[in-house]
Amino acid sequence: MRHGRVTTVSAAISGVSPATKSPYTQLCNVLLVASLSKTLSQSVCRTGLIGEVPDLLISMKEDGVNLDQTTSKVLLDSLISSVKRNELRLALSIFFKLLEASDNNGEVSVSYLPGNVAVNELLVVGRVKDALIVWDELKVSGHEPDNSTYRILIQGCCKSYRMDDAMRIFGEMQYNGFVPDTILYNSLLDGTLKARKIVEACQMFEKMVQEGVRASCWTYNILIDGLFRNERAEAGFTLFCDLKKKGQFVDAITFSIVVLQLCREGKLEGAVKLVEEMETRGFSVDLVTISSLLIGFHKQGRWDWKEKLMKHVREGNLVPNVLRWNAGVEASLKRPQSKDKDYTPMFPSKGSFLDIMSMVGSEEDEARTEEVTPIEVDPWSSSPYMGQLADQSNRPKPLFALARGQRVEAKPESFDVDMMNTFLSIYLSKGDLSLACKLFEIFNEMGVTDLTSYTYNSMMSSFVKKGYFQTARGVLDQMGENFCEADIATYNIIIQGLGKMGRADLASAVLDRLTTQGGYLDIIIRCELQHDDRSE
DNA sequence: CTAGGGTTAG
């Protein structure tokens, strides 16, 4: 029966009549390749064919058809994309099929452990809690973790500020005889310092040295930056000077970190001097560094210093470009304001504030999750929790993924957005909401839609501070329309805004979602929660 | 795969 249907579908899609090859394997390849291609996946989903894959996998199992290498590869890719699309039911089947295949004594070789892929994808998508549980279950059912498993888990925990989990897993890793490398130590150091655990960080560094793991430029950059952020500026400068004297372990980023700190402290002269030194040593002064300087100049009321940069930074034509950009924008900003003072018409807000909750997942979602049919016992299940996850197909997604803000690269297409963000910050810190709005408006007119969450967050934050809640809501809508992903700062602003509007009920509901959805909490929210605990 | 700017925070 199944054979017949499968063969027909396979033939229909591929246009090739299955001959000697197993129809399962063939259809699997065709379907999954199709699901990976953007245009085809839509039609496959629309026709509901993608739903056939789990059944298909079960048929294969029943009939004892083994996976070939191509299929495994396709399955692996498909697993990754289905977790990303929150299609956990599908991911689950693929996951277990792969587990089984890799258990089959090497007949099918997959280059990595499927468990690692599953755990990694859960982490990337922001389901840190889920990933930890799945991992525990895999361990119990005898799937040996390897070096990558530990690296993936520890880095995931570090990025989500779960340092206790990170340290626990790190300990276990060493207990099991795996040797951590420089990069793993770097991740741990960075996480520890970002979590403001300076003492632990120092111990970690000592341990690293003791064990003979060699520190790199990155290690020292993380350390110096961490010292600056944890009120140990003196120690940071000392370390920097020592390294510089030795002429080792300093690079352009090191200088950039120190320049930023000098700007924070208002030591502009020192900062500019360091930039000069940077150049003599042959390190290029990039946009990040210039951005730090510009903001520093503005904060100290020394805006005239921006011309000085021209003299000091000879590298390329970055500074002239920045200044030209600035001049052009300031000219545009002088045009008459086209909208009225509170900018409400600029961002028409749609819907009630209650539907903020729909972004976070509605109550019905939860109800539906509760009444999900009893979990079928999967014969291959090494991770019942993964099965449970898959059964909750309408389970709300985590609100945001683990990925940090986009890295700044020397790509010219991000220049405008980077500059805009820098000047937004300058105008907003001046309290010049009107100028900031104008800048925002100009970019909207230009049809620039690839703004970063930073842009929307700063606008929203200012509106919320001024009490323009409708306008803030408009920005939030616009952010959604432009498919800009909300991040932790966005949710902080939403929580703050709802609170200010007297909707503490909604605010705490949003916070609840943040904590229960397996997402991660920002260090700030963690502090707030601790604060709440203490005051109660 | 790990580091630096601009947003959130009594």
Side-chain angles (χ1 to χ4, degrees), chain A residues 120 123-124 147-148 150-156 158-159 180-194 215-226 228-229 236 249-261 263-264 271 278 283 285-296 298-299 404-409 414 417-429 436 451-465 472 475 479 486-497 499 521-531 535:
Chain A
N120 186 42
L123 287 172
V124 164
N147 238 323
S148 310
Y150 285 115
R151 175 179 53 77
I152 292 163
L153 277 164
I154 292 173
Q155 290 178 347
C158 287
K159 279 192 184 163
D181 63 356
T182 306
I183 292 173
L184 192 63
Y185 266 108
N186 286 352
S187 304
L188 280 163
L189 272 175
D190 188 51
T192 315
L193 286 163
K194 294 244 161 74
S216 67
C217 229
W218 290 59
T219 317
Y220 287 109
N221 288 346
I222 290 167
L223 276 178
I224 294 173
D225 181 64
F228 286 154
R229 287 177 196 276
F249 304 123
V250 279
D251 63 4
I253 305 283
T254 326
F255 276 91
S256 184
I257 292 168
V258 180
V259 166
L260 171 68
Q261 177 63 18
C263 288
R264 281 197 201 111
M278 245 177 120
F283 297 120
V285 181
D286 65 3
L287 193 58
V288 174
T289 318
I290 292 176
S291 199
S292 309
L293 285 164
L294 287 179
I295 288 163
H298 160 259
K299 281 196 180 139
R404 288 228 180 102
Q406 305 145 341
R407 290 245 55 79
V408 181
E409 278 145 44
S414 76
V417 173
D418 286 338
M419 289 312 295
M420 177 184 169
N421 286 340
T422 301
F423 280 91
L424 260 188
S425 145
I426 287 174
Y427 298 148
L428 288 174
S429 72
L451 302 176
T452 61
S453 62
Y454 169 86
T455 319
Y456 297 105
N457 290 346
S458 3
M459 292 307 291
M460 277 190 283
S461 156
S462 300
F463 288 132
V464 165
K465 273 185 190 148
V475 177
M479 188 172 180
D487 58 16
I488 186 68
T490 317
Y491 284 94
N492 275 327
I493 295 162
I494 292 174
I495 290 169
Q496 198 197 347
L521 289 186
D522 180 85
I523 204 71
I524 292 166
I525 295 192
R526 282 178 181 252
C527 289
E528 274 172 15
L529 288 179
Q530 277 168 15
H531 183 261
S535 57

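Each chain gets a letter, A, B and so on, in the order the sequences are listed, and its residues count up from 1. Worth saying up front: this structure is predicted, and the values here are computed from it rather than measured.
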Main-chain N/O of Ser453(A) paired with Asn457(A) side-chain donor or acceptor, under 3.5 Å:
yes
Can you measure Ile222(A) atom CD1 to dG4(B) atom P for me and round it to whole angstrom units?
8 Å
Distance below 4.0 Å between Lys465(A) side-chain N/O and dT8(B) OP1 or OP2
yes
Rounded to the Å, how far apart are Asp190(A) CG and dC1(B) P?
17 Å
Just how far, in rounded Å, is P of dG4(B) from CG of Asp225(A)?
5 Å
Whole angstroms only, please: what is the CE-C1' distance between Met459(A) and dT8(B)?
15 Å
Just jot down the salt bridge (charged side-chain N to carboxylate O under 4.0 Å, His left out) partners of Arg229(A), sequence neighbours excluded, or say none.
Asp225(A)
Nearest to the side chain of Asn186(A), heavy atoms from C-beta on, is which of dG4(B), dT2(B), dG6(B)?
dT2(B)
Measure from the side-chain heavy atoms of Tyr454(A) and tell me the nearest of dG6(B), dA3(B), dT8(B).
dG6(B)
Measure the spacing between CG of Leu293(A) and CG of Leu260(A) and express it to the nearest 0.5 Å.
9.0 Å
Measure from the side-chain heavy atoms of Ser461(A) and tell me the nearest of dG4(B), dT7(B), dT2(B).
dT7(B)
Among the nucleotides dA9(B), dG4(B), dC1(B), whichever has the atom closest to the side chain of Gln155(A) is dC1(B)
At under 4.0 Å between heavy atoms, what does Ser453(A) touch on the DNA or RNA strands: base, sugar-phosphate, or nothing?
nothing
Separation of Phe255(A) atom CZ from dA3(B) atom C1', in whole Å?
16 Å
Would you check if there is a donor-acceptor pair between the side chains of Thr289(A) and Asp286(A) at a distance under 3.5 Å?
yes
Between Thr455(A) (side chain) and Leu451(A) (backbone), is there a donor-acceptor pair under 3.5 Å?
no
Checking dG6(B), dA9(B), dT2(B) against the side chain of Ile295(A) (C-beta onward), the nearest is dG6(B)
Out of dC1(B), dA3(B), dG4(B), whichever nucleotide has its closest atom nearest the side chain of Leu260(A)
dG4(B)
Please pick, from dA3(B), dT7(B), dG6(B), the nucleotide with the shortest atom-to-atom distance to any side-chain atom of Asn457(A).
dT7(B)
For the base of dG4(B), is there a side-chain donor-acceptor partner from Thr289(A) under 3.5 Å away?
yes
Just to be sure I understand the rule, does Ser256(A) reach a base, reach only the sugar-phosphate, or reach nothing, if contact means heavy atoms closer than 4.0 Å?
base
To the nearest Å, give me how far apart CE (Met420(A)) and C1' (dT7(B)) are.
13 Å
Looking only at side-chain N and O atoms, does Lys159(A) come under 4.0 Å of OP1 or OP2 in dC1(B)?
no
Rounded distance in Å - CH2 (Trp218(A)) to P (dG4(B)):
9 Å
Closest to the Gln496(A) side chain, choosing from dT8(B), dG4(B), dG6(B)
dT8(B)
Spacing of Met479(A) atom CE relative to dT7(B) atom P, expressed in whole Å:
15 Å
Which residues satisfy the side-chain contact (heavy atoms from CB on, under 4.5 Å) test with Thr422(A), sequence neighbours excluded?
Ser291(A), Ile295(A), Ile426(A)
Nearest to the side chain of Asn492(A), which nucleotide is it out of dT8(B), dG6(B), dT2(B)?
dT8(B)
